[in-house]
Amino acid sequence: MRRNFRVCTSCGHHFKVSGKERLDQLANFESWNELWPELRAADPLQFTDLEPYTKRVEKAEAKGLTEALVAGDLSVGRQPCVAAAMDFGFLGGSMGSVVGEKLLRACDRAAERRVPLIVISASGGARMQEGVLALMQMSKTVVGFEALHEAAVPVISVLAHPTTGGVWASFAALGDVTYAEPGALVSFSGPRVIEQTTREKLAPDFGLAETQLRNGQVDDVVDRRELNERLERVMRILSRESSPEPPLAMQWAQQGASRAQRAARAVPRMSRRIRERLRRGEGPQ
Amino acid sequence: MRRNFRVCTSCGHHFKVSGKERLDQLANFESWNELWPELRAADPLQFTDLEPYTKRVEKAEAKGLTEALVAGDLSVGRQPCVAAAMDFGFLGGSMGSVVGEKLLRACDRAAERRVPLIVISASGGARMQEGVLALMQMSKTVVGFEALHEAAVPVISVLAHPTTGGVWASFAALGDVTYAEPGALVSFSGPRVIEQTTREKLAPDFGLAETQLRNGQVDDVVDRRELNERLERVMRILSRESSPEPPLAMQWAQQGASRAQRAARAVPRMSRRIRERLRRGEGPQ
Amino acid sequence: MSTSAGDAMRRIGNAITPHEPQSTDQIWEIVQLARHQDRPYPLDYIPRLLSDFEELRGDRLYRDDPAIVAGIGRYHDMPVVVIGQQKGRDTQERTYRNFGMSGPEGYRKAMRVMALAEKIGAPVITLIDTPGAFPGADAEQRGQGGAIATSIRTMLRLSVPTVAIVVGEGSSGGAIALGVADRVMMLQNSTYSVISPEGGSAILWRDAAKSQLAAAAFQPTAANCYRWGVVDSVIPEPDGGAHRDHDAAAELLDRYLLRALTELREIPGSERRRQRHVRFRRIGSYRELALADTSAVVSGQTKGPP
Amino acid sequence: MSTSAGDAMRRIGNAITPHEPQSTDQIWEIVQLARHQDRPYPLDYIPRLLSDFEELRGDRLYRDDPAIVAGIGRYHDMPVVVIGQQKGRDTQERTYRNFGMSGPEGYRKAMRVMALAEKIGAPVITLIDTPGAFPGADAEQRGQGGAIATSIRTMLRLSVPTVAIVVGEGSSGGAIALGVADRVMMLQNSTYSVISPEGGSAILWRDAAKSQLAAAAFQPTAANCYRWGVVDSVIPEPDGGAHRDHDAAAELLDRYLLRALTELREIPGSERRRQRHVRFRRIGSYRELALADTSAVVSGQTKGPP
Ligand SMILES: [Zn+2]
Ligand SMILES: [Zn+2]
């Protein structure tokens, strides 16, 4: 299972993956360094619902999870990047102050290192136990994405099951490239809330990745087993030029002779002057 | 009829208005100067369909019309502006090179004078007799609107019946504020073309101003008899401050005493320190 | 920028004492006041604040969303853009305005009007009052999440002065979508929260009837939001609540708004935007363990601005 | 910038002789070649031009429109954004791609991808091949006109290098929506026109069967568009037309495109944008009468660039 990226070999179902294992997958199970594991949830509201917030956090931490977002430096194939993955196992992947702060730092780090940022989301939304401070992580994470915008550093957003609420309504929707995993629910409001509010039965494919692709909300639905390849390609495409200006002129010169002859052969109708220019490898204009 | 803005007094039907009469209306029948009447259609394609293009232009000019767009300097109420109105009577208000050039000049003039531009559209679209050069007036007029954008000068687009084709798909859709006249057809493709292509019968209210308001495409449907008032208000709102900075400070000082006392009376619960600050007219913070 | 109580105490001149006692009853009373049906809505403030107003409609994409009112107006001789969430007062208007719950078209209308503000250099004023963005299948289909996200982004990118004021109920992503401003203020009896009390109680207590309990847990009051650094000012209301005297409420709001805009206009656009980014970067409350020994809490205090 | 024939003659090095004779038959042949079902479409050029390509889908608003293909790719070691109108080769693909007739969503997808280009500083390459924007009631409802208009505006605002290439049929607003670039080129046997011959004949001759006549009247050929200053270069095609040899066609296109991008990258972004605006300002052909006597033609020549 682990080596098959937690995708069922028989039906292709995508099972949930923890944050750390996500980064293992991205790093192709090579080692990577976790960033900012020292950031931990506080309890600014001294919040208790059916259970105290601190208790919930302790339980989650006891499972060996640091928080609902794990960040690290790694390489996907040959492309170095900063990666962050949400962990649904930590309070439903909810976005509280730690998620916001870590993601902001990840953005700043990617901007500074000038490497792409990859974020894999899996979240029920804002962490209610942090009240309005959780809501404010929506704007905080978008500020992080804006830092990437200003630094011209690409960000790729990957939506795993489920990407909902304040996560989908903030950074997760703002990738330069956005992929969703097969069958992932991608929605701002939850299906139950929608059915209760509108008293309408939702279609079985409501909000699924495949539906959101048709709705123009994501670039593609990508099988997890092919994700690394796709991410690597996107990063390779968007990477800076290996050498800004020379290649063009060089290619021009190098290709001049052979290409020009092929082109000239292909275009007997073009004017003699042009044909001669092409033959001399001077280019058409 | 003329004094009633060519709106039927009994049913409110908006009849077509020529370009010049449009500017008469905007100027409240005061005098105004026509701009660039010397620009006239050429015949770059030496175009003939059922009739030569030059013949069509001659006939239209014989009616006393200069071109499908008339521009002038005028004031709507107390608000000076540059105004341009299309004339459906001139080859169906079609946009050829003269319309493009005149509108571009009108944009530049408004930008330079720093007064708003008002454009009233009534057009079947690009002027086919000028071929691809007519198509290029779409980009040309948008360049004009961009000059207004860079100069921070507002442009108000008024859509009269009909505003279709390349006019609706270029500048007419890009007003900072966009009004449509009651019953005006606002559509890129003509209803007949749509019915022929899709083999569907269109709804009777297809593309009408009222429908396009629901569709979010225009800000309001405005009766022609109220148009001047609305335009004047918009221009008044968007005009530069009469004196950039002082009024705020002055108002603050002037209003200090009386307003502060009313506020303090209204807010007995506020802290004593604040109440005292307000009483002294110092403002709350 | 969640701050310690002491920090908040040091901010002088704010009308609300940071440590007003807030019992469950008191919080619930504020929740009720924030939603009072006679409470002034944006369309009540607008004619009182502006000498001229022209409503602008439609997102230029799909439809006009009446849950958000947007337009241009003249405020103390300045052109301004005002965007407000409008719940509707009577049943008919509430239905028309969908109880102030906007679809993506509402946020997209807001962004379109913000672009006009940016063009003409007019400040943007948002008036927040919504139980949340509309939870509907069609809203999701047309990108409710992306609409909120891009609205946040648009507000971060503006170079004109921006002020957001929570005038009633500011719940959920539907509120923050219009809340990312240079100055964020709350009316004394308004609320600002991650979710409505009803929504929160249904999810956390699995019982929609526990909304008072939820409200007490969320503590969505202006005093708390000020204490946490979520809002910069609390605007006092007339005695008994803004619904008692719309004129006086508007006058108080006017005073704070004018002061804020006067200050903001002194700052160059790029610097104002930078400060706005810094402001929203700082908000949050977390612990930072010692690097070597992740089990020891080094700093229990919340992170915040100096 | 409609120019006199002499002016065009003076431009050297263009593959097409400005005065190639163009009879009705010859024009109709070009119209047929431009629409030849084996003619290379964007998805034929893309793998030949780019070493990597990743398609991006959806407008983030309503849906994905397959009539326009958009994506990022690696072109001569540069990241580029490519946007192309894709007609579809067989019946099934044509239906899927709506014959290259885009709804507003197609143009909005294009704009979204242009925003990515602007962020990362990548040139934008558009490949134009459409009978026009889709004429449908639903497209109108969702703002077909505004989508085209804002696409034109977006292309005018970009600061990255932009090249538009008419590879097949460039008809109507659907074509210019993607045509407002620093350099505009046409393939030798492509067409660029205000409307398709069929559309034009139905309207002007009131007879859809008069399309050959309409084509002859519109003269939508590369030679004419070059003569009128609508396009900057005409890209030669392999003997007999691009459909005969996709590889050779792509290689010729590559040569012109690379040269254009190489030149454009030397110009600072703001200057490039200024020049782009100037370029599109100049296009048109009109007379200017004497001011005093509006009946006398002073200048019969068309206006154009120096
Ligand atoms: Zn299985
Ligand atoms: Zn009548």
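Small disclaimer: the values here were computed from a predicted structure and weren't measured. Here is how names work: the chains are called A, B, and so on, in the same order as the sequence lines, proteins then strands, and each is numbered from 1.
- Only the side chain of A:Leu202 comes within less than 4.5 Å of a heavy atom in chain C; its backbone stays farther off.
- Neither the backbone nor the side chain of C:Ser151 has a heavy atom closer than 4.5 Å to any heavy atom of chain A.
- Interface remark: of the candidates C:Ile195, C:Leu156, C:Thr150, C:Leu213, C:Leu156 forms the most heavy-atom pairs closer than 4.5 Å to chain A.
- Annotation: maximal heavy-atom pairing with chain C below 4.5 Å, among A:Glu101, A:Met138, A:Glu61, occurs at A:Glu101.
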* Show your reasoning for whether side-chain contact (heavy atoms from CB on, under 4.5 Å) applies to C:Trp228 and A:Val132. => CA-CA 9 Å; C:Trp228 295 322; A:Val132 75; 3.5 Å; yes
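- Top candidate by heavy-atom pairs under 4.5 Å with chain A, chosen from C:Ala216, C:Ser201, C:Ala149, C:Ala133, is C:Ala149.
- Looking at C:Pro104 and A:Phe188, their side chains never come closer than 4.5 Å, going by heavy atoms from C-beta outward.
- A salt bridge is absent between A:Glu67 and C:Arg287; no separation between the charged side-chain nitrogens and carboxylate oxygens falls under 4.0 Å.
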* **Full working for side-chain contact (heavy atoms from CB on, under 4.5 Å) between C:Arg281 and A:Asp108** => CA-CA 11 Å; C:Arg281 273 178 174 267; A:Asp108 286 343; 2.7 Å; yes
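- Considering all non-hydrogen atoms of both residues, A:Phe206 and C:Glu140 come closest at CZ-CG, 3.6 Å.
- One distance of note links CZ of C:Phe280 with CE of A:Met136; it measures 6.5 Å at 0.5 Å rounding.
- Counting heavy-atom pairs closer than 4.5 Å to chain C, the top-ranked of the candidates A:Thr66, A:Val143, A:Val167 is A:Val143.
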* Does the pair A:Met128 and C:Phe218 meet the rule for a side-chain contact (heavy atoms from CB on, under 4.5 Å), with working shown? -> CA-CA 8 Å; A:Met128 293 191 196; C:Phe218 290 132; 4.0 Å; yes
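- Ranked by non-hydrogen atom pairs under 4.5 Å with chain C, the options A:Ser170, A:Ser139, A:Gly165 are led by A:Ser139.
- Between C:Arg157 atom CZ and A:Glu150 atom CD the span is 8.5 Å, to the nearest 0.5 Å.
- Both the backbone and the side chain of A:Leu39 come within less than 4.5 Å of a heavy atom of chain C.
- Heavy atoms closer than 4.5 Å to chain C are found nowhere in A:Ala172, neither backbone nor side chain.
- What you find for A:Ala169 and C:Ile148 is that their closest heavy atoms are O-CG2, 3.5 Å.
- Of the atoms belonging to A:Glu195, not a single heavy atom falls under 4.5 Å from chain C.
- Atom CD of C:Gln275 sits in a crowded spot, with more than 12 heavy atoms from other residues, nucleotides or ligands closer than 6.0 Å.
- Highest contact tally toward chain A, considering only C:Gly146, C:Ala217, C:Gly143, is held by C:Ala217 [criterion: heavy-atom pairs under 4.5 Å].
- Between C:Ala137 and A:Ile194, the shortest heavy-atom distance links the atoms N-CG2, 3.7 Å.
- With respect to chain C, the highest number of heavy-atom pairs below 4.5 Å among A:Gln137, A:Gln196, A:Arg192 belongs to A:Gln137.
- What you find for C:Gly173 and A:Leu135 is that their closest heavy atoms are N-CD1, 3.6 Å.
- With rounding to the nearest 0.5 Å, the separation of CD in C:Glu288 from CH2 in A:Trp36 is 11.0 Å.
- Chain A forms more heavy-atom pairs under 4.5 Å with one residue of C:Pro220, C:Ser171, C:Gly145 than with any other, namely C:Gly145.
- Here A:Leu50 is the residue among A:Val98, A:Leu50, A:Val193 with the most heavy-atom pairs under 4.5 Å with chain C.
- For chain C, the nearby part of A:Thr48 is the backbone; its heavy atoms alone come within less than 4.5 Å.
- No more than 12 heavy atoms of other residues, nucleotides or ligands lie within 6.0 Å of CD in A:Gln46, so this atom counts as exposed by the packing criterion.
- Looking at A:Glu130 and C:Ser285, their side chains never come closer than 4.5 Å, going by heavy atoms from C-beta outward.
- Heavy-atom pairs under 4.5 Å with chain C peak, among A:Ala134, A:Ala173, A:Gly166, A:Ala41, at A:Ala41.
- The minimum heavy-atom distance between A:Gly131 and C:Val194, with the atom names listed, is O-CB, 3.2 Å.
- Contact detail for C:Phe134 and A:Ser189: the closest heavy-atom pair is O-OG, 4.3 Å.
- Using a 4.5 Å cut-off on side-chain heavy atoms (C-beta onward), A:Gln217 and C:Gln144 make no contact.
- Between C:Arg206 and A:Asp49 there is no salt bridge, since no side-chain nitrogen of the basic residue lies less than 4.0 Å from a carboxylate oxygen of the acidic one.
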* Take C:Ile283 and A:Lys140 through the side-chain contact (heavy atoms from CB on, under 4.5 Å) test and state the conclusion after the steps. => CA-CA 7 Å; C:Ile283 304 181; A:Lys140 182 164 175 168; 5.6 Å; no
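- Between the side chains of A:His149 and C:Arg153, not a single donor N or O lies within less than 3.5 Å of an accepting N or O.
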